[in-house]
Amino acid sequence: MVRISVDEEDLGDCKPGMTILEILRKRYGGDLKGILGVKISSRVLSLRDEITDSSEITTLKITDPEGMTLVCDSLAHVLARAVSRIIPDATMASLSSGQNEFSYDFKTNPITEETMSQLQKIMIEILKDAQTPQIERLSKTDLLYMFRENAFKKTIIEGLDENSEDHVVWHLGDFADLCHGPHLLNLREIDSDAFELKSVSAVHWRGDRRNVQLQRISGVAFPSRKDLVLHQKECKELEKRDHRRIGKDLRLFMLEEDNPGMPFLLPNGMTIVNRLVEFWRDTHRNEGYQEISTPILLTKDLWLQSGHWHKYAENMLITALDEREYAIKPMNCPGAILVYQNIIHSYRDLPLRYSEIGLVHRHELSGVISGLFRVRAFRQDDAHIFLMESQIADELDKVIRLIDNTYRVFGFSYVVDVSTRPEQFIGNVETWERSTSILMEVLRKRNMAFRIKEKEGAFYGPKIDFHIRDCLGRYWQCGTIQLDFSMPERFNLEYLSSDGGSRRPVMIHRVVFGSIERFLGILIEHYGGKFPLWLCPIQIRVLPVTDSQLGYARTVADKLRNLGLVTEIDDSQNSISKKIRMAHKERIPYMVIIGSQEENESCISVRTLDNETYNQLSTDSFCESVICKIKTKTLGYQLVI
RNA sequence: GCCACCGUAGCUCAGCCGGAAGAGCAGCUGACUUGUAAUCAGCAGGUCGGGAGUUCGAAUCUCCCCGGUGGCUCCA
């Protein structure tokens, strides 16, 4: 006998081998509507599964995340069923499902969007028809026989253990599919108005480019129509915040058809970049960095020595100069190394921190470039630190603190990954293990949680990656800290130790923003164009109500400018309402309204971008509050008067 | 690089089963002098992404190229 509880109610002893369905009936009677599956510990099971051990069972409803995974799994099968109806020669390959998404890959001719909407209609019909899928448990041999004509399914089945119960056959009428479960008992549990087919794309079998090309249809699903509508609204919100949209509207940068992947920064965008870089210079100077600048074009010999010519050739842009081959730098490290080699270093110089805002170019595939997020030319806020092995832990701690302090200023939280030794690596295993454990030890000492990404380190060393979380909950990789024992080796870097002997330094490569262009893109979306005051290209606009206040308005504007505040004056013939509307659209944080009343009383009225108004304010107290905000890099526009 | 979709005025878009290129906003000119998210009128603005083809005639149909969007893969 096994002891079973369901939803925290003890059912006492049950016979092993009972199905979950039977057990649930003991608890809830015949009406199990709304129960999609169950969870035992963290394992999700179907109602048809059998119980062999004592268990605490939790039922899963459509509102539970795990409940939705069951729905998505079924929707993938239903999609396959729909495809089999209108594209009979499509071969089902593999499916995947998550909490709110599902997809199925097929070997077939390209699928158009028209077909997609047709498929969606058929799926709805199938769901409304609400047949109960039948599950058939077969041996591996029988599965292989059943799917003998489907090479993809055969490959999947061949990969199964001999006695695996992981895969079953999912029947819906005369349609049969391989299912790894757990699955829904009844399609009636799915709201046919709460899913949507989203996109079709070309993928390769098992993600390997050498394999055949498949068509992937993917969709999203939610517990109810209401949730789907909410999701659609969120997508619209994302669209509104799209940095490409806002970048165009606010004239921050431009993208030009004949130079794809090469963003042009416009005056407004450059203002923001300059403020970011000024901030970056301040913090780095305080941390003992020395800024350098290395050429964009460097000789082939250097790239041969660094290993880039072999390891990174595909992404490098090659050119020639005076019959010698050169490459446009895709990374800044070799340049920094040449600077290190320029003079002999003593152990007293270390850690030696060279920082560089380096413009790099990479030949990214045309299909991946996108806005500022993925480009072919970008600035990195790079630094290369040369140090002794004994200094690694302290230096890492410093770099982490610098990164943490920087992200804090923008209101970003972040998560951290440690990537370990990859299959292809250089150096010796012992050094790798030691340095990897140093990375983890430093994080632990700081009480920082981290995920471990096995075998994802750079070929020359392990690394810590920082993924910042924006206000919409999306993560972006920005900062990275990489330990490198390889480049110093390749370039025979040395320093003189206290005993007069030559030693090899270690290198740390690190960025905080990552790519300045990408970081700008993230900031645009994070703030929706409403940047913190210290970053705003235009901080204040003075709006006279009529022309007769122009004189006083100019006096006020001059005063603000003299205090270093970026101030414009709207001397157009527009109505005050229109002027306000324009300023809002241009995301100007402060609108200083000047009418006859303000002029007579020698004061100003202020309206913020967040629609707060401050009337009859003295110019001085406004300035004081704004300047303080800029100095402290405060977020938000609320004035403290 | 691969698949689908898209490309018309500076911006947002209409026109597209072939038959004289349109609107709103922005711009310019003028009038209005306005109190917290669009004052009114006029003017100007386009090799319809590029090239080839079909046709008496192509923004519209076909093919090739370029670029963009969403995915795949890759990454800062």
Side-chain angles (χ1 to χ4, degrees), chain A residues 103 105 108-116 198-218 235 239 242 244-245 248-249 251 254-261 312 314-315 330-332 358 360 362-382 456 465-467 476-480 482 509-519 521-522 543-550 572-586 591-598 605-609 611-613 615:
Chain A
S103 71
D105 300 350
T108 176
N109 293 326
I111 292 168
T112 64
E113 279 182 7
E114 207 178 318
T115 315
M116 296 271 283
K198 274 259 176 181
S199 68
V200 57
S201 61
V203 300
H204 290 91
W205 169 242
R206 305 231 144 148
D208 191 329
R209 260 209 255 183
R210 290 164 299 189
N211 290 338
V212 293
Q213 189 163 291
L214 307 170
Q215 297 287 315
R216 171 170 299 174
I217 302 176
S218 38
C235 291
E239 233 172 85
D242 192 312
R244 293 165 297 198
R245 172 85 263 135
K248 202 177 240 181
D249 288 347
R251 296 193 298 274
M254 61 178 239
L255 299 164
E256 202 266 334
E257 180 167 331
D258 289 328
N259 298 285
Y312 209 72
E314 267 189 12
N315 292 18
M331 294 183 195
N332 301 302
V360 297
R362 297 179 185 175
H363 183 204
E364 300 291 346
L365 292 178
S366 65
V368 309
I369 54 185
S370 166
L372 293 179
F373 286 160
R374 199 66 189 278
V375 294
R376 285 174 170 164
F378 58 99
R379 279 153 247 253
Q380 285 184 309
D381 63 317
D382 219 341
E456 301 222 351
D465 287 328
F466 293 74
H467 303 261
W476 305 97
Q477 202 205 311
C478 289
T480 178
Q482 307 177 345
H509 309 233
R510 41 108 288 172
V511 290
V512 185
F513 297 139
S515 147
I516 306 228
E517 281 76 1
R518 176 187 279 185
F519 199 75
I522 295 167
L543 314 180
V545 175
T546 75
D547 280 358
S548 30
Q549 288 90 41
L550 250 179
S572 70
Q573 300 302 295
N574 292 324
S575 67
I576 187 67
S577 300
K578 180 74 175 278
K579 289 175 183 175
I580 288 168
R581 183 181 161 78
M582 304 276 284
H584 264 282
K585 287 188 82 170
E586 292 171 50
M591 289 157 258
V592 171
I593 318 264
I594 305 285
S596 54
Q597 207 179 334
E598 284 77 13
S605 288
V606 175
R607 176 183 173 131
T608 73
L609 190 48
N611 290 318
E612 286 171 309
T613 50
N615 291 322

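The sequence lines fix the lettering, A, B, ..., with proteins before strands; numbering per chain opens at 1. Given the structure is predicted, the values throughout are model-derived calculations rather than measurements.
With rounding to whole Å, M582(A) atom CE is found 10 Å from U39(B) atom P. Atom CE of M591(A) is separated from atom C1' of G35(B) by 14 Å (rounded to the nearest Å). Atom NZ in K579(A) sits roughly 14 Å away from atom C1' in A37(B) (whole-Å rounding). The separation between R244(A) atom CZ and C6(B) atom C1' is 13 Å, rounded to whole Å. Following rounding to the nearest Å, N574(A) (CG) and G27(B) (P) show an atom-to-atom distance of 8 Å. With rounding to whole Å, K248(A) atom NZ is found 8 Å from C11(B) atom C1'. The CE-P distance, from M116(A) to C3(B), rounds to 17 Å in whole Å. Rounding to whole angstrom units, CH2 of residue W476(A) and P of A76(B) are separated by 15 Å.
For the P atoms, the distance linking U60(B) with A76(B) amounts to 43 Å, nearest Å. Look at the P atom in both G71(B) and U29(B): the space between them is 44 Å, to the nearest Å. Nucleotides G57(B) and A21(B) place their P atoms 16 Å apart, quoted to the nearest Å. Rounded to whole Å, the separation between the C1' atoms of U69(B) and G49(B) comes to 15 Å. G24(B) and G15(B) are spaced 15 Å apart, taking the C1' atom of each and rounding to whole Å. Taking atom P on both nucleotides, A14(B) is separated from U8(B) by 10 Å, rounded to a whole Å. Rounded to whole Å, the separation between the P atoms of G45(B) and A9(B) comes to 15 Å.
In terms of polar N and O atoms assigned as donor or acceptor, the side chain of E598(A) comes within less than 3.5 Å of the base of G35(B) in a complementary pairing. Put simply, the side chain of S370(A) and the base of G68(B) share no donor and acceptor less than 3.5 Å apart. At a cut-off of 3.5 angstrom, counting only N and O atoms as typed in the model, there is a donor on one side and an acceptor on the other between the side-chain of R374(A) and the base of C74(B). Contact annotation: side chain of Q573(A) to base of C32(B), donor-acceptor pair present below 3.5 Å. For C75(B), its base sits under 3.5 Å from the side chain of R518(A) at one donor and acceptor pair at least.
S366(A) comes within contact range of at least one nucleobase, with a heavy-atom separation under 4.0 Å.
Side-chain contact check for K579(A) versus S572(A): some heavy-atom pair is nearer than 4.5 Å.
Between the side chains of D105(A) and Q215(A), no donor-acceptor pair is found at a separation under 3.5 Å. In the model, Q477(A) has no side-chain atom that pairs as donor or acceptor with a side-chain atom of T480(A) under 3.5 Å.
The residue among P260(A) and N611(A) whose nearest nucleotide of RNA chain B lies closer to the 5′ end is N611(A). Nearest-nucleotide positions on RNA chain B for S218(A) and I580(A) put I580(A) closer to the 5' end.
The phosphate of U39(B) (OP1 or OP2) has a side-chain N or O of S575(A) nearer than 4.0 angstrom.
Here the two rings, on W476(A) and F519(A), have centers that are 6.0 Å apart or farther.
A salt bridge does not link R245(A) to E239(A): none of the charged side-chain nitrogens sits closer than 4.0 Å to a carboxylate oxygen.
The side chain of E364(A) lies closest to A76(B), out of A76(B), U36(B), C66(B).
Heavy atoms from other residues, nucleotides or ligands lying under 6.0 Å from CD of E314(A) number 12 at most.
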